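The structure under discussion appears below in the form of structure tokens.
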Amino acid sequence: MTHTVTVAGQEQPFPAPADRPILESALRENRWLPHACSQGTCGTCKIRVLAGEVEHGQPDEAVLSADERAAGLALACQASPRTDVTVAPVADVGPEGPRHPLRDHSGTVVELADIARHTRRLVVELDEPMEFSAGQYAELIVPGAGVGRQYSMANPPSEARTLEFHVKWVEGGLATDGWIFAGLRPGDRIELRGPLGQFAMLRAQEEPAILIGGGTGLAPLKAIVRHALANDRVP
Ligand code: FES
């Protein structure tokens, strides 16, 4: 069943299947809602439900408390609509969120290389290009598990068909110990979806930007730096 979601202050509602989180429905319709992790762990996507009902899923009490749920708050990345709903983001929506539709993609592994201790560069050639802003991430679908793991693109948006990810090995990790550091090989097919996330450098600025990161956290910074250099500081 599909309902409609109206964001307060925006005229056009968008369709939202009952079995899909509101955030995902919004992004697939290229409608911006604030979000960061899309996993229910950061709280950035908190919305106030002004009308209608949502199914909350199982939000972490530390991120969305029972009191907040009782007060009409929900996590857009976890909650799905039970009826037509009207919602208002708690965070400022602003005019500047990355505006690229969320899409499912398929691709082929073209490179898998160890670039640091317990860290691999994974390069995927997509069948179709993915629009994204430097700094955003994609969710790689772990084969046979039906779950996704999130990795930032380390390449600039101009390389929209060849995505580079930096993956850190996690002991017992479903995507790492059980897949990317185990059986995955060049030539293998990969399913993913993206782009996601609001970490991005979205406007030209005269002042210097200071980017601080480490380990695989350098990946989105590398994308931003390469993009800024290629565009003479203009993202
Ligand atoms: Fe992080 Fe929803 S809790 S985006």
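Atoms within a ligand are numbered from 1 in the order they appear, just like the ligands themselves. If you read the sequence from its start, that first residue is 1, and numbering goes on from there. Because the structure is predicted, anything quoted here is derived from the model rather than measured. Because only heavy atoms are used, hydrogens play no part in the values below, and waters and symmetry mates are left out as well, while side chains stay in.
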Ligand 1 atoms in contact with [X] (distance to a heavy atom under 4.0 Å):
X	result
Ala36	4 (S)
Gly40	3 (S)
Thr41	3 (S)

For this session: First locate atom CZ of Phe14, then atom OG1 of Thr6, and finally report the distance between them rounded to the nearest 0.5 Å.
Result: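 One gets 8.0 Å once the value is rounded to the nearest 0.5 Å.
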Nearest protein heavy atom to [atom], by residue and atom, and its distance?
atom	answer
atom 3 (S) of ligand 1	Gly43 N, 3.1 Å
atom 4 (S) of ligand 1	Ser38 N, 3.2 Å
atom 2 (Fe) of ligand 1	Cys45 SG, 2.3 Å

Problem set entry | Close side-chain approach of Leu140 to Val167, heavy-atom, < 4.5 Å |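 No; the side chains remain at least 4.5 Å from each other.
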Exercise. Do the charged groups of Glu128 and Arg103 touch, with an N to O distance under 4.0 Å?
Worked result: no
Problem set entry | Glu61 atom CD, over 12 foreign heavy atoms within 6.0 Å | yes
Problem set entry | Apex atom 1 (Fe) of ligand 1 - arms SG from Cys42 and SG from Cys37 - angle rounded to 10° |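 Seen from atom 1 (Fe) of ligand 1, SG and SG are separated by roughly 100°.
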Exercise. Is there a path of hydrophobic side-chain contacts, each under 4.5 Å between heavy atoms of I, L, V, M, F, W or Y residues, that connects Val54 with Val7?
Worked result: yes
For this session: Treat each ILVMFWY residue as a node, draw an edge where side-chain heavy atoms are under 4.5 Å apart, and state whether Ile141 and Leu163 are in one component.
Result: no
